[in-house]
Amino acid sequence: MTNINEIFNEFLTPYLAEDVDIRNIVHDILGTTDPHKISELINQTVSPYLKDDIEKILFLEPCIGAVFGFLLTSGQKIILKIYNRKNSSAYLDEMNCIQQIFVNENYPAPKPLSPIFTFYNTHAGLYGFIEGKKENSHNPAIRAELAKYLAKFTEIVKKHQFKPIKTFMQESIQGKLWPAPHNVMFDLNKTSRGAGWIANHAKKARKIINTYNFPHQLAHCDWDVKNTIFIDNKLVGVFDWDSLGSMSEPEMVGRAASQFTADWESGNKVTPTPDEGRAFVAEYEYHRGDSFTPDEYKVVSASADYLIALISRFEHSGTNASVHPFQDLLKECNGKSFLFS
């Protein structure tokens, strides 16, 4: 019989010893870093939804929430996603329904295997495992796939006329320049000193975005290569569905154009060049079947600028002061718009 305590102890003990930031995030999400307590918590909450025992932990990825990959004794691989407690159960229930519709449309989204259920002081869900590998989005073929599937995302949204929903970060930004941070690594209040130059860029961009009243749609607000996997340069998995939010199509595309290359763990360049960003927009327009209007381009461009400033602000408040690719990109722009001046 599988000893779940041994499985979790063997995986988590060395994993959690590697990085203090990881330990802090895991503790914030799960309430503990004790492998025995984590195994008990997962066994109690997840086992009612499983037909087989957990045989092996394939991976753990903590960030906004925590994602476990499990191998079951039957040979099936599954995903347990434990969500940030700032997400409401209503939001997550709606997200799960939307995600299933995307699966029904043959979109490469993980199939929900359970309803959203209570987990410690937050919520979680089980999902199908998608095989694939990470790729370098500076490869034009990978960039084209990312633009193509964002356009397909919009096509499905319009087909089903989904009502937009807001992420907890969007809910928190009402009347403010910055949203609430997504995990305990960032404290914007304690790190405001020296960040004024970043705020000035963000304010300028937000003013342009707010000038135009384009209709909001359901949007994927964190569209980048770290949330996707590929086989033979073809996109086979899109993740991070708790980043479903509300914004106009031009704003969504601008965000994506400035961050689609972002994967801090890949070893590849984290930020795109302006030419790569413009190529992403052009490829999106090709698959969309229509070009943006001049006013829409202004929002695309301003949205990219705001997103660069937002990530720069998180970098400024983070624990690794030596890693700041988006701050570097913001300085390289030298007061000009990243995409379309």
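Note that these values count all heavy atoms, side chains included, but never hydrogens, waters or copies made by symmetry.
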Could you check whether any side-chain N or O of T211 sits under 3.5 Å from a backbone N or O of K207, counting only pairs where one atom can act as donor and the other as acceptor? yes
When you measure from the side chain of N96 to the backbone of S114, do you find a donor-acceptor pair of N or O atoms at a distance under 3.5 Å? yes
So which pairs with a foot in residues 239-254 pass salt bridge (Lys or Arg N to Asp or Glu O under 4.0 Å), sequence neighbours left out? K81-D240, K81-D242, K158-E249, R206-E251, E249-R288
Write down the atom of S246, the atom of Q170, and the distance for their closest heavy-atom approach. O-NE2, 2.8 Å
In terms of heavy-atom contacts, V103 and P110 come closest through CG2-O, 3.8 Å
Applying side chain to side chain contact (heavy atoms under 4.5 Å, CB included), can you list everything that pairs with P35, at least two apart in sequence or on another chain? N9, L12, T13
Heavy-atom distance under 4.5 Å between the side chains of S266 and E135, does that happen here? no
Other ILVMFWY residues reachable from V20 by side-chain steps of under 4.5 Å: none
Least distance between heavy atoms, P164 atom then G245 atom: CB-O, 4.3 Å
Checking T122 side chain against Y83 main chain: does a donor-acceptor pair fall under 3.5 Å? yes
In plain terms, say whether K134 and E265 are close enough for a salt bridge, that is, a side-chain N and a carboxylate O under 4.0 Å apart. no
Is it possible for you to say whether L41 and L16 belong to one hydrophobic cluster, with membership spreading through side-chain heavy-atom contacts below 4.5 Å? yes
For Q174, look at atom CD and say whether over 12 heavy atoms of other residues, nucleotides or ligands are found less than 6.0 Å away. yes
Evaluate the side-chain contact (heavy atoms from CB on, under 4.5 Å) criterion for residues F162 and I101: first the C-alpha distance (whole Å), next the side-chain angles of each, then the deciding distance (0.1 Å), finally the verdict. CA-CA 10 Å; F162 291 122; I101 292 172; 3.6 Å; yes
Nearest 0.5 Å please: distance from the CG atom of L30 over to the NE2 atom of H27. 9.5 Å
Would you call Y284 and Y149 a side-chain contact if the rule is heavy atoms closer than 4.5 Å? no
Please step through side-chain contact (heavy atoms from CB on, under 4.5 Å) for the pair D263 and V270, ending with a clear verdict. CA-CA 6 Å; D263 186 349; V270 172; over 6 Å; no
Mind jotting down which residue pairs meet the salt bridge (Lys or Arg N to Asp or Glu O under 4.0 Å) criterion with at least one end in residues 219-229? Sequence neighbours excluded, please. D222-K226, D224-K226
Is the backbone N or O of F153 less than 3.5 Å from a side-chain atom of H220, with the two atoms forming a donor-acceptor pair by type? no
According to the ring pair (Phe, Tyr, Trp, His ring centres under 6.0 Å) rule, which pairs have a member within residues 114-133, sequence neighbours left out? Y49-F117
Tell me, with the steps shown, if E296 and F214 meet side-chain contact (heavy atoms from CB on, under 4.5 Å). CA-CA 8 Å; E296 286 173 330; F214 296 124; 3.6 Å; yes
side-chain contact (heavy atoms from CB on, under 4.5 Å) evaluation trace for F102 with I98: CA-CA 6 Å; F102 270 83; I98 292 169; 3.8 Å; yes
Partners passing side-chain hydrogen bond (donor to acceptor under 3.5 Å, both in side chains) against S301 (at least two apart in sequence or in another chain): S337
So, K152 versus T154: side-chain donor-acceptor pair below 3.5 Å or not? no
If you look at every heavy atom in F338 and G277, which pair is closest and at what distance? CE2-CA, 4.3 Å
Quick one: do I142 and I231 end up in the same hydrophobic cluster if we chain Ile, Leu, Val, Met, Phe, Trp and Tyr together by side-chain heavy atoms under 4.5 Å apart? no
Hey, does F340 have a side-chain heavy atom less than 4.5 Å from the side chain of P274? no
E40 and H36: side-chain donor and acceptor closer than 3.5 Å? yes
Is a side-chain N or O of K269 found less than 3.5 angstrom from the main chain of T271, in a donor-acceptor match? yes
Enclosure of N213 CG (heavy-atom neighbours >12, cutoff 6.0 Å): no
Do the side chains of N233 and N139 get nearer than 4.5 Å, heavy atoms only? yes
Qualifying residue, where the test is side chain to side chain contact (heavy atoms under 4.5 Å, CB included) with N43 and the options are I4, D53, I54: I4
Polar side-chain atom of E332 near backbone of L329 as donor-acceptor pair, under 3.5 Å: no
Result of checking M252, M169, M247 against C221 for side chain to side chain contact (heavy atoms under 4.5 Å, CB included): M247
Tell me whether L60 shares a hydrophobic cluster with I29, the cluster being built from Ile, Leu, Val, Met, Phe, Trp, Tyr side chains joined at under 4.5 Å. yes
Y91 (side chain) donor-acceptor with L244 (main chain) under 3.5 angstrom: yes
Under the 3.5 angstrom rule, does the side chain of R85 hit a backbone N or O of D28 as a donor-acceptor pair? yes
Side chains of F326 and F314 in contact at under 4.5 Å (non-hydrogen atoms): no
Report the hydrophobic cluster partners of Y286, with the cluster defined as I, L, V, M, F, W, Y residues connected by side-chain heavy atoms closer than 4.5 angstrom, directly or transitively. none
Taking a hydrophobic cluster as the set of Ile, Leu, Val, Met, Phe, Trp and Tyr residues connected by side-chain heavy atoms closer than 4.5 Å, whether directly or through intermediates, do I57 and L113 fall within one such cluster? yes
Under the salt bridge (Lys or Arg N to Asp or Glu O under 4.0 Å) definition, can you give me all pairs with a residue in residues 97-116, not counting sequence neighbours? E105-K159
Does any part of the side chain of H316, heavy atoms only, come nearer than 4.5 Å to the side chain of I198, both counted from C-beta? yes
Applying salt bridge (Lys or Arg N to Asp or Glu O under 4.0 Å) as the test, list every pair that has at least one member in residues 160-178; sequence neighbours left out. none
Do the charged groups of R143 and E283 touch, with an N to O distance under 4.0 Å? yes
Holding to salt bridge (charged side-chain N to carboxylate O under 4.0 Å, His left out), I want the full list of residues that pass it with D232, two or more places apart in sequence or in another chain. none
Got L50 and L126 here, is their nearest side-chain heavy-atom distance under 4.5 Å? yes
Side-chain donor or acceptor of D34 paired with backbone N/O of K37 under 3.5 Å: yes
L92 side, atom CG; Q99 side, atom CD - distance, nearest 0.5 Å: 10.5 Å
Please answer: with hydrophobic residues joined when any side-chain heavy atoms are less than 4.5 Å apart, are F260 and V236 in the same cluster? no
What I'd like to find out is whether the side chain of F292 reaches to under 4.5 Å of the side chain of V299, using heavy atoms alone. no
N104: which residues meet the side chain to side chain contact (heavy atoms under 4.5 Å, CB included) condition with it, sequence neighbours left out? Q100
Take R278 and E276 through the salt bridge (charged side-chain N to carboxylate O under 4.0 Å, His left out) test and state the conclusion after the steps. CA-CA 5 Å; R278 286 187 284 269; E276 288 175 320; over 6 Å; no
If we ignore hydrogens and angles and just use 3.5 Å, is the side chain of S312 paired with the main-chain N or O of Q327 as donor and acceptor? yes
What I want to check is whether the side chains of S248 and H216 have a donor and an acceptor closer together than 3.5 Å. no
Set of residues satisfying side-chain hydrogen bond (donor to acceptor under 3.5 Å, both in side chains) with respect to S74, sequence neighbours excluded: D52
